[in-house]
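Step one of this worksheet: look at the structure below.
The sequence lines fix the lettering, A, B, ..., with proteins before strands; numbering per chain opens at 1.
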Amino acid sequence: MAKYVIGSAWPYVQSVPHLGNMIGSVLSADVYARYLRSKGHDVVFVSGSDMHGTPIEVEALALGVDPADYARRMHEIVSELFKRWNISFDLYTNTHSDTHIKFTQEFFMKIYENKYIFTREDEMPYCPRDKIFLPDRFIIGVCPYCGYERARGDQCERCGRLLEPRLLKSPRCAICGATPEWRKTTHWYLDLRKLEEPVRKYVESNKYLPQNAREMSLGILREGLRPRAVTRDNKWGIPAPFPGAEGKTIYVWFEAVLGYISAVKEYYERRGQPEKWKEYWLDPETKVVFFVGKDNIPFHVIILPALILANGGGYTMPTTTASTEYLNYEGDKFSKSRRWGIWIDEALRLLPVDYWRFLLVYMRPENRDVDFTWAAALDVINKVLNDDVGNFFHRVLSFIKSRAGGAVPRPGPQASEDEAFIKRVLSLVESAEAHYEAVELREALMDGVEITREGNRYLNARAPWQLVKERPEEAGTVLYNAYWAVKAAAVVLYPVMPSSIEELWRMMGLGGPITWQEARRAPEPGAQLGDVRPLFKKVSQEEYKAMMQELEKMRNERWSKKYPWEQVVL
RNA sequence: AGCGGGGUAGGCCAGCCAGGUAGGCCGCGGGGCUCAUAACCCCGAGGUCCCCGGUUCAAAUCCGGGCCCCGCUACCA
């Protein structure tokens, strides 16, 4: 048994996450955490809403509401949605919690005392009307290269050139249109140059990192780490604790990643064990695993380890960051502004949650970007989830129910093909285990599916519906073996579809917890089956059309609402 | 521009790191079974493995060059 801290990237609560966010972080982390628990490991699974930062501040300003209020409302909604997605967080908190704020301030003071922080005065664009400093992308002007009139300060969307706000002609504030002025302001920088070597050593010696995380991180290190500003002139954020930094806040990216530590602390505080978090975060034996999309790699593989090193407090270095590529939607990136994609609230209105969980893990972009298309999704539901998996479960259980007395038969002598079948099933369980360990969730799921395919082949070859007439004892053996395969597949697929598999477990007449050992353990003959029904069903073309109409209707309604929290469908 | 990923049957992909009869799923054609959700099983057709060159007895796999697609580039969270 090992100790694990599992973290999924902290969703930014400006809006509800979409399916791509879900498979990249939260859902993948949940599947992995559930797998680890089924193996009996000691797991703390945490995440929370990222509440601070300019986008929320600006959005709140535009809507005329308090940013804290905005973030809190969205946080509550997202928390509720994750519950409905059956995410087994031990704690889903947010970056505005007292514990997190205090922890962050102390953590950065320690870094400051360790001399990794220096100050520098910069000139930054400032909107005199909104009275805020503007991040690059909140300045709009004419592109100096192509003349595009609505180029942003970081990049021109028409010609793709990287820009700086000073290059823009006739710059104006993206919020109110006023002309920004340049104001001097002091910022506190983290001196990443001093951390480059230890971070490089960390990355190079980390044998668990997925290839994309390794390549991207080494690429960044090759270019050399540069100091980065830790402070911002935002109002909405965690007050910077440094002497003389009154009125400044900590840049969201530098505090949100500390949430993985502070959330474990908060979890045990709430349980009345305020010191227990140290058994995780201060024990180098603890395995710390993060789940993020590829855009998040630098902050988890470079920045957080650098912060931990700079702090020097002996916090456990992350074991790995399980990073995915992107899930696209019907050929294009998910885009909130273009309303392109499916959001996790809508999704629950369209299909049962386990269908989504299965679909997303099946399509998990482990090696490259993957395109979510409805055509492919229906195919997976109808051919794989329903026909291969669901039908095999039902085929075996309903047969035992109707032709074998409704209880798990006692097996007789095993013929060589029976033995070969069990061996094959157990080797697939082993393969699934290896894949789960390597965080190859899609492959683990495929092993589970393969067990049911093998099961179907086995039944066709042994034809127990014939045997039951002439050699009932042999039929019992075959059904016993098939039942074992159902159990093995159930255990392998349990982390992906917890509620469906729990129901299956009851149908199988099994009472105990769904643990990994159950996959290998021979079933007990005589166990009475419960009521048996098909777990899944197909989605017909008509139902699909109805679904699309429902989606359309939903969207017309929600997007006519003013406030983001009113736009959510619950 | 730099960095990263990719180009394999009608579709989606595995194989490439550790060269040696080109695999899987879907779709298509044929057959079987009838326990099961018109499900399941078997057989078959179908491929210039992006292009050019090199190394090798042998290259989808290694090396060089080229073409095309996609993502990232960190005050965008």
Side-chain angles (χ1 to χ4, degrees), chain A residues 9-14 21 49-56 95 122 124-125 133-138 152-155 160-162 165 187 192 211-220 222-223 225-226 228-234 251-257 293-299 302-303 325-326 328 333 363 365 367-371 373 375-376 379-380 382-384 386-388 390-404 443 446 449-450 452-453 455-468 475 478-479 482 532-538:
Chain A
W10 291 48
Y12 199 61
V13 290
Q14 191 183 1
N21 302 137
S49 301
D50 185 357
M51 310 278 273
H52 305 306
T54 309
I56 286 175
T95 58
D122 299 315
M124 304 286 278
F133 282 92
L134 298 165
D136 292 359
R137 62 188 293 260
F138 280 98
R152 298 191 323 203
D154 55 348
Q155 185 169 22
R161 298 262 206 157
L162 293 182
H187 280 299
L192 285 163
Q211 192 188 316
N212 61 353
R214 166 177 300 275
E215 299 291 351
M216 184 181 290
S217 303
L218 289 175
I220 291 167
R222 259 196 303 278
E223 285 178 29
L225 299 185
R226 301 193 302 269
R228 295 200 59 186
V230 174
T231 52
R232 291 291 182 278
D233 284 303
N234 296 352
Y251 174 39
V252 283
W253 264 117
F254 280 67
E255 47 110 334
V257 289
K294 63 179 163 188
D295 52 331
N296 253 324
I297 288 170
F299 289 94
I302 307 249
I303 300 292
E325 299 288 310
Y326 280 151
N328 292 324
K333 288 181 73 170
M363 297 184 179
N367 300 317
R368 64 179 72 179
D369 290 357
V370 168
D371 197 21
T373 63
D379 223 45
V380 171
N382 291 345
K383 308 285 181 186
V384 184
N386 185 74
D387 290 352
D388 290 341
N391 181 54
F392 175 66
F393 291 160
H394 187 246
R395 190 183 186 190
V396 173
L397 299 185
S398 65
F399 194 100
I400 292 175
K401 200 83 180 167
S402 65
R403 309 280 288 268
E443 303 308 318
M446 293 310 285
V449 171
E450 193 55 33
T452 66
R453 287 180 176 152
N456 277 321
R457 279 192 273 275
Y458 176 68
L459 287 181
N460 277 53
R462 295 292 269 132
W465 48 93
Q466 290 292 342
L467 294 172
V468 82
V478 171
L479 291 173
V532 169
R533 68 162 194 108
L535 277 178
F536 312 110
K537 62 185 186 61
K538 294 197 194 221

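- Figure legend. C28(B) is base-paired to G44(B); pairs are counted as Watson-Crick or G-U wobble with both atom distances under 3.5 Å.
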What nitrogen or oxygen pairs link the protein and nucleotides 9-15 of chain B at under 3.5 Å?
| unit_1 | atom_1 | unit_2 | atom_2 | d |
| --- | --- | --- | --- | --- |
| A14(B) | OP1 | Arg368(A) | NH2 | 3.2 |
| A14(B) | OP2 | Arg368(A) | NH1 | 3.4 |
| A14(B) | OP2 | Arg368(A) | NH2 | 2.2 |

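- For C40(B), neither phosphate oxygen OP1 nor OP2 lies less than 4.0 angstrom from any side-chain nitrogen or oxygen of Lys383(A).
- Across all strands shown, Asn391(A) has heavy atoms under 4.0 Å from base atoms, whether or not it also approaches the sugar-phosphate.
- In this view, Lys538(A) and Asp387(A) satisfy the side-chain hydrogen bond (donor to acceptor under 3.5 Å, both in side chains) rule, not counting sequence neighbours.
- Phe393(A) comes within 4.0 angstrom of nothing in the nucleic acid, heavy atoms only.
- Contact annotation for Gly53(A): no contact, since no heavy-atom pair falls under 4.0 Å across all strands.
- Residue Ile220(A) is classed as a base contact, given a heavy-atom separation below 4.0 Å to a base.
- Considering all non-hydrogen atoms of both residues, Thr95(A) and Glu255(A) come closest at CB-OE1, 3.5 Å.
- Every residue two or more places apart in sequence or in another chain that forms a salt bridge (Lys or Arg N to Asp or Glu O under 4.0 Å) with Asp233(A) is listed here: Lys248(A).
- Residues that satisfy the side-chain hydrogen bond (donor to acceptor under 3.5 Å, both in side chains) test with Gln14(A), not counting sequence neighbours, are absent from this structure.
- Across every strand in view, C3(B) sits in a pair with G71(B) that passes the Watson-Crick or G-U test at under 3.5 angstrom.
- Contacts of Asn386(A) with the nucleic acid, taken as non-hydrogen atoms under 4.0 Å apart, include base atoms.
- Comparing Asn212(A) and Asp388(A), the nucleotide of RNA chain B nearest to each residue sits closer to the 5' end for Asn212(A).
- Side chains of Asn234(A) and Thr54(A): a donor-acceptor N/O pair is present below 3.5 angstrom, by distance only.
- In terms of the salt bridge (Lys or Arg N to Asp or Glu O under 4.0 Å) criterion, Lys333(A) has no residue partners (sequence neighbours excluded).
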Find every protein N or O atom lying less than 3.5 Å from an N or O atom of nucleotides 32-35 of chain B, and list the pairs.
| unit_1 | atom_1 | unit_2 | atom_2 | d |
| --- | --- | --- | --- | --- |
| G32(B) | N2 | Asn460(A) | ND2 | 3.2 |
| C33(B) | O2' | Trp465(A) | NE1 | 3.4 |
| U34(B) | OP1 | Gln466(A) | NE2 | 2.6 |
| C35(B) | O2 | Arg395(A) | NE | 3.0 |
| C35(B) | N3 | Arg395(A) | NE | 3.0 |
| C35(B) | N3 | Arg395(A) | NH2 | 2.6 |
| C35(B) | N4 | Arg395(A) | NH2 | 3.0 |

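- Leu535(A) comes within contact range of at least one nucleobase, with a heavy-atom separation under 4.0 Å.
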